[in-house]
Amino acid sequence: MTDEPEITKAPQIATTRRGFLGAGVAAGGALLGAGAARAAGPDPLITEVQPWAQGLGDGVDASPYGLPIRFEGDVVRRNVEWLTADTISSINFTPIHALDGTITPQGCGFERHHSGAIELSKDDYRLMINGLVDTPLVFTYADLERFPRETRTYFLECAANTGMEWAGSQLNGAQFTHGMIHNMEYTGVPLRLLLEEAGVKTEGKWVLAEGADASSNGRSIPLEKAMDDCLVAFKANGEALRKEHGYPVRLCVPGWEGNMWVKWLRRIEVGDQPWEQREETSKYTDTLADGTSRKWTWVMDAKSVVTSPSPQMPIKHGPGPLVITGLAWSGRGSITRVDVTVDGGKTWMPARLAAPGQDMAVSRFYFDHVWDGSEMLVQSRAIDSTGYVQPTKTELRDFRGLNSIYHNNCIQTWWVKANGEAENVEVS
Amino acid sequence: MSKFRKRVIGTTLPSILLASSLLATPALADKLGIGRAALPEEVAAWDHDVRPDGLGLPEGSGDVLTGEELFSESCAVCHGEFAEGVDNWPELAGGLGTLDREDPVKTVGSFWPFLSTTWDYVHRSMPYGNAQSLSDDEVYAILAYILYSNDLVDDDFVLSKASFAEVELPNAGGFILDDRDSTELPVFIREPCMTDCKATVEITAHATVLDVTPNDTTDDGAAVAEVAEAVADATGDAPAPEAAAAEAAPEAVEPAVAAPVETAAADPELVAAGEKVFKKCAACHKVGDGAKNAVGPALNGIVGRPAGTVEGFKYSKPMLDAGAGGLVWTHDELSGYLADPKGYMPKNKMSFAGLKKDSDLEAVIAYLSTFGQ
């Protein structure tokens, strides 16, 4: 990388001024109107005494566990009905277009269930370790709380995120194209400690992680990964896991595809070979153009998306200062840089990262632009700590064809029109 | 303040711990002695995974014809009588030779590499909504039928633990290990272009042409159909157009004279108990505002309704015949049906073992009677 990672607290005025003047020349008088808004008359919200400034608000216990205020009622997970047969074995999408920062609240983090979100209490919870171990063990929830704990922030991306876009632009909104992702701070016990407690035999090379729900969602994980950074988590963002995220205990497999993060984790088996279960053979394998399929494509490649402006987040304020923002992440390490283009990739400019990138966690980026009011082709491009540069969709198709379904980490294009509306498009 | 300070001082923490707040989780020299040994019968109860080499496969066998009958009873409601898939549910047969074409059809016959995967999954997770209810012999038989429906075995085939290893699925050799490190990374680890990266940029595709985004008032069914076909399996369950899914159900029976609804006096405690019992049903049946047909018909207004008459649901022939013959879901009929669905009405579609307790039956009927049309 020749460019330093752009991590600053706020845009420098000189830079902004220069951009502003440059854009002003191009757009003529339009900018002046936007920059020098004049009120037609006194604003009654200011000049008149408002009810909230006169009466009283809610008491402290009005909502013992609070939900977002009603004005934010549209910031919710959404389902795409035609994708699956019913909602029990289905997926929905995080409203990433409307969020900022990096942490996804549990209540709007996307859900993927194969046999529905089950209700399993801490009292009824058991975790078994068996197979090629010295002593097969059973842990209760209370047992898990006595092991040394870790707290780490990780993204979880479904391998099928952006999967509907392989053959062409399809869904019109960042929530639907990129919303099979969330990023939470997990607290739990390293899987390594539980395996060491049971004593892994030397023949042990793999573990099978299995859930307590009817689907079981069994996945084979190499022992090396299991002993490295996998986490048996019971808290997310400081509180108990929500039911839909695997209460009371789920597995975190940092940087690897979301399907491996088994929810309602009930059993870890150690073996000398992989199990080749349904979710790692018939699903979550990537079919190439010649009909062969890649398997064990666990690592999520570096990826980013502009969350605003985007089809669900049109520009409503007209020309002038505009915040272009989005998310970037990589399963191979941390995000070191994100570039943004507004001309479809002819010219790129480094964006600001809100904070230094963390391994296998989402980074937030900002690009402080002065919009001249003409149409834009907005894209972002993630670069990670291995030097991997997020590819275009054409580049990915050259390797993988159109039938891959999973692992689409291509650069996304939003066509922002002069009226501020945006559309999901592909460009040459 | 002073109280807290005293406590901190009183706890004589080793200074090394205070200084290194970002230490990795300790590598433990000794085991902590947490948890207890798993009993052999506990391991046996949970560990029934099966590997491609046959490890974990129990004794047992089943033939194609028995499998056909079982499949029709327990699987066909979603997967179709010929394993061809109903609506958006996965097809299990066909698709050979389609993997290198547009929209590959991925079935047990055309795509799945190992038969062990099918055994493991059917035994562990199927039928949908009533998992782990099939005996080992029944699983062997259902697999024999799935192989038969893929033209991989003849109709006199018997699948058993012994014959299992002889079956090789057509796509067993169709997988390669992740090769991104050697194929893609050398290209994608690079110095990114910043200026004059291309001379021209043209828009080559628009999402609004396809028009399949939820909450878009201009959605139209034809476009959805076209796209769902093109989409292939994005989330692991074969998608098909909503438009094609509906409208398939025969109108079947003219509702007979509507029977008076039995209100069961709606004892709130009984209704609440029934709501809990209904969780066993909710995987397949919806009730309440906006309830739609799912695996089973929506159940609003079911108490007192002629059998087989929920609009848009594709009933079994026995259920349609029973409705035409005048069967009405009174309290007593429902009670008989829900206690033993297959015994009450052989060959009907509901793959549910039945409610064994009278109290559960009373409760769930009381709960259902609270939902009107």
Side-chain angles (χ1 to χ4, degrees), chain A residues 78 80-86 88-89 91 128 130 135-139 143 146 148 150 160 163-164 167-173 190 197 214-216 267 275-276 278 281-283 290-297 344-348 387-389 391 399 403 405 423-428, chain B residues 25-26 31 34-38 43 46-47 49 51-52 87-89 99-100 104 111-114 117 120-121 124-125 131 174-178 184 188-190 192 194-195 197-198 201-208 210 213-214 224 228 230-237 239 241-242 283 294:
Chain A
R78 288 189 198 282
V80 175
E81 268 193 35
W82 54 264
L83 269 182
T84 52
D86 81 340
I88 290 166
S89 179
I91 192 150
M128 182 185 289
N130 75 306
T135 316
L137 291 177
V138 172
F139 300 112
D143 290 336
R146 299 172 61 206
E150 271 182 12
M164 291 82 80
S169 299
Q170 184 152 291
L171 288 162
N172 215 18
E197 190 70 16
S215 84
S216 95
R267 197 169 67 91
W275 280 262
E276 305 281 7
R278 177 187 186 261
T281 53
S282 74
K283 311 291 174 193
D290 68 357
T292 59
S293 302
R294 284 175 175 164
K295 67 175 187 177
W296 303 356
T297 44
K346 290 183 197 168
T347 309
W348 292 87
Y388 182 103
V389 180
F399 283 108
N403 291 332
I405 301 172
E423 188 194 338
N424 174 11
V425 298
E426 283 181 13
V427 295
S428 57
Chain B
T25 319
K31 294 183 179 183
I34 301 172
R36 63 164 176 84
V43 173
W46 273 8
D47 180 357
D49 47 66
R51 283 197 328 205
D87 301 346
N88 256 358
W89 298 100
L99 297 181
D100 60 352
F111 189 64
W112 291 40
F114 304 111
T117 309
D120 183 288
Y121 185 70
R124 176 67 176 81
S125 301
F175 291 79
I176 58 168
L177 295 190
D178 184 2
E184 297 182 7
F188 297 152
I189 293 179
R190 56 187 164 181
M194 298 303 284
T195 53
C197 302
K198 41 189 167 182
V201 175
E202 303 295 332
I203 293 176
T204 53
H206 290 261
T208 51
L210 295 174
T213 310
V224 174
V231 162
D233 187 340
T235 64
D237 299 300
E242 200 177 19

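Note that these values count all heavy atoms, side chains included, but never hydrogens, waters or copies made by symmetry.
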Checklist outcome for this item: Taken to the nearest 0.5 Å, the spacing of B:I189 CD1 from A:Y388 OH works out to 9.0 Å
Item to check | Flag side-chain contact, heavy atom, 4.5 Å: B:P214 against A:R78 | outcome: no
Checklist entry - How long is the span from the CH2 atom in A:W82 to the CG atom in B:N88, to the nearest 0.5 Å? => result 10.0 Å
Checklist outcome for this item: Interatomic distance, CZ@A:F399 vs CZ@B:F188, rounded to 0.5 Å, equals 5.0 Å
Item to check | Which of A:V80, A:N424, A:L137, A:T135 touches chain B most, by non-hydrogen pairs under 4.5 Å | outcome: A:L137
Checklist outcome for this item: Between A:V427 and B:V201, the two heavy atoms sitting closest are CB-CG1, 3.8 Å
Next on the checklist: Distance check, rounded to the nearest 0.5 Å: B:T117 atom OG1 versus A:K283 atom NZ?
Outcome noted: 12.5 Å
Item to check | Electrostatic pair B:R36:A:E197 at N-O distance under 4.0 angstrom | outcome: no
Next on the checklist: Is it the case that the side chain of A:T292 and the backbone of B:F175 share a donor-acceptor pair, with hydrogens and angles ignored and the cut-off at 3.5 Å?
Outcome noted: no
Next on the checklist: Quick check against the 3.5 Å criterion: does B:T213 have a side-chain atom that pairs as donor or acceptor with the backbone of A:N172?
Outcome noted: yes
Checklist entry - Is chain A contacted by the side chain of B:W112, its backbone, both, or neither, given a heavy-atom distance below 4.5 Å? => result side chain
Checklist entry - Sub-3.5 Å donor-acceptor pair from the side chain of A:K346 to the main-chain atoms of B:M194, do we have one? => result no
Next on the checklist: So that I can tick it off, tell me whether B:D47 and A:R267 are bridged by a salt bridge, with the cut-off set at under 4.0 angstrom between side-chain N and carboxylate O.
Outcome noted: yes
Next on the checklist: To check you understand the geometry: which heavy-atom pair defines the closest contact between A:N403 and B:L99, and what is its length?
Outcome noted: ND2-O, 4.2 Å
Item to check | Candidate pair B:D178 and A:K295, rule side-chain contact (heavy atoms from CB on, under 4.5 Å), full reasoning | outcome: CA-CA 6 Å; B:D178 184 2; A:K295 67 175 187 177; over 6 Å; no
Next on the checklist: If I compare all heavy atoms of A:V389 with all of B:R190, which pair ends up nearest, and what's the gap?
Outcome noted: CG2-O, 3.3 Å
Item to check | Residue among B:F114, B:F111, B:W46, B:Y121 with most heavy-atom pairs under 4.5 Å to chain A | outcome: B:W46
Item to check | Top contributor to chain A interface from B:G35, B:A207, B:A37, B:C197 [non-hydrogen pairs under 4.5 Å] | outcome: B:A207
Item to check | Residue B:A131 versus chain A: region with a heavy atom under 4.5 Å | outcome: side chain
Checklist entry - Between A:P190 and chain B, which part of the residue has a heavy atom less than 4.5 Å away: side chain, backbone, both or neither? => result side chain
Checklist entry - Out of curiosity, A:D290 CG to B:I176 CD1, how far, rounded to the nearest 0.5 Å? => result 7.5 Å
Next on the checklist: Checking the side chain of A:T347 only, and the main-chain atoms of B:T195 only, is there a donor and an acceptor separated by less than 3.5 Å?
Outcome noted: no
Next on the checklist: Is the shortest side-chain heavy-atom distance between A:E423 and B:H206 below 4.5 Å?
Outcome noted: yes
Checklist entry - Of the non-hydrogen atoms in A:S428 and B:T204, which two are nearest, and what is the gap between them? => result N-CG2, 3.9 Å
Checklist entry - Contact part of A:N130 toward chain B, heavy-atom cut-off under 4.5 Å: side chain, backbone, both or neither? => result side chain
Checklist outcome for this item: Closest non-hydrogen contact found for B:W89 with A:D86 is CH2-OD1, 3.6 Å
Next on the checklist: Please find the pair of heavy atoms, one from A:S216 and one from B:S125, that lie closest to each other, and give the distance.
Outcome noted: N-OG, 4.3 Å
